[in-house]
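Have a look at the structure below, then the notes.
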Amino acid sequence: MSSPFDAWITNDDEVSDLLAQEWQRQTTTLQLIASENFASPAVMAATGSILTNKYAEGYPGRRYYGGNQIVDEVEDLARRRLTALFGADHANVQPHSGANANVAVYQALLDAGDTILAMRLDQGGHLTHGSPASMTSKAWHFVSYGVTPRSDDPDAPGEIIDFDNVRDLALAHRPKLIVAGATAYARRIDPAPFREIADEVGALLMFDSAHVAGLIAGGSHPNPVPYADVVAFTTHKTLRGPRGGAILCREEHAKRIDSAVFPGQQGGPLEHSIAAKAVAFREAAQPSFSTYTEQIVKNSVAFGAALAAEGFRMVSGGTENHMVLLDLRTFDEDLTGKEAQEVLDRAGITTNRNTIPDDPRSAFITSGLRVGTAAETTAGLREEEFARVATLMARALRGRADETQIVAVRAEVGELCRAFNPYGAFTN
Ligand code: DSN
């Protein structure tokens, strides 16, 4: 099958062939990676546009290159749409990624060596929240909070953000910045208690909403903008835009945030991506986007329940966002996240292995698997189909030693993907 975007494909046979193969992969297998989505053709058209040719170091009205009259309008449009979407004072749409955005925030608000209180990677945080593997841990002093211990009480299963721990650490270490936000955490994150703790110790508050930016834009999760000094995020996850980052902040931080992104972190902005971000921000402001984000959460709840019925344990006992974090050990003590991801790949189900709180296995092996519903909700799957996907996952993993089982699941996955092609409406 060829893609409807063939017109964009180059005259380079090798690249064209790889693009066609990836088109096939994305539309004939299930995409359950919680940080991925299917951007609209309009977003992809802007990403592949003529704006890729333009150098525009600086900001609208203050560029270091000529010929930026139109680019200035593009970037201003993106900034206006973004501030309106979240009700923020100021937007910077230039970060190339979420990691760049986070580091720019630290650079803007802190001096080298200052203390930051953030969620530990193996408890659900992000590399840039001070992981020893990230440069952030070398430039700033991180203190890490985590989740409450797991409990067998079904009414209070634990593994949720431990606000007593956050407050105790904040009082003990007096951080200059507190970071809220996570990458492997299936519960709603309320910005209010973070603000209270930040105020109590005189810290600034950053909300890293990379994963949930779309859920916030759609009104399915609380908006951190009224609470946080700065909100940083990626534009390609639940927000369903092009790959990239963005920062929102209070007016008092605007100049320092802008200077930290350029020239502090980056050179020329990717104006083609900024045009695509503008397209995505407009899409996210439509009423249909709220319907979409509500469905994402409903799908996660149904998916999680069906996975639990198959014997997987949901970390924190449930989900309130676009992801389910699974502990595989209740399903099969010997099954690692790495093996599960590889088996599911063979069955046409794309996931990622993930550490879970207090995981006895390494980050490369893991006891957990993270699955998300944002992309396949875009493709049109609803609760019923996600329940079927849970069954298919369990069948593939139980029958992993038997190739005929994998082949049978792969065939059913193919059927689902034919019925729910995210770009079906655009295919000739
Ligand atoms: N935030 C990571 C993820 O959640 O997949 C990527 O950096």
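Residue numbers run from 1 in the order of the sequence given. Ligands are counted one by one from 1 in listed order, and the atoms in each one are counted from 1 as well.
Counting non-hydrogen atoms of other residues, nucleotides and ligands closer than 6.0 Å to CZ of F420 gives a total above 12.
The residues E310 and R395 are annotated as not salt-bridged, no charged nitrogen and carboxylate oxygen being separated by less than 4.0 angstrom. Between E342 and R400 there is no salt bridge, since no side-chain nitrogen of the basic residue lies less than 4.0 Å from a carboxylate oxygen of the acidic one.
With sequence neighbours left out, the salt bridge (Lys or Arg N to Asp or Glu O under 4.0 Å) criterion links R353 to no other residue.
Cation-pi contact between R240 and Y292: present, with separation from the ring centre below 6.0 Å and deviation from the ring axis of at most 45°.
Applying ring pair (Phe, Tyr, Trp, His ring centres under 6.0 Å) to F194 and the options F163, Y227, F207 leaves one that passes, F163.
For ligand 1, the 4.0 Å heavy-atom shell contains residues S35, H126, T183, H211, K237, R370.
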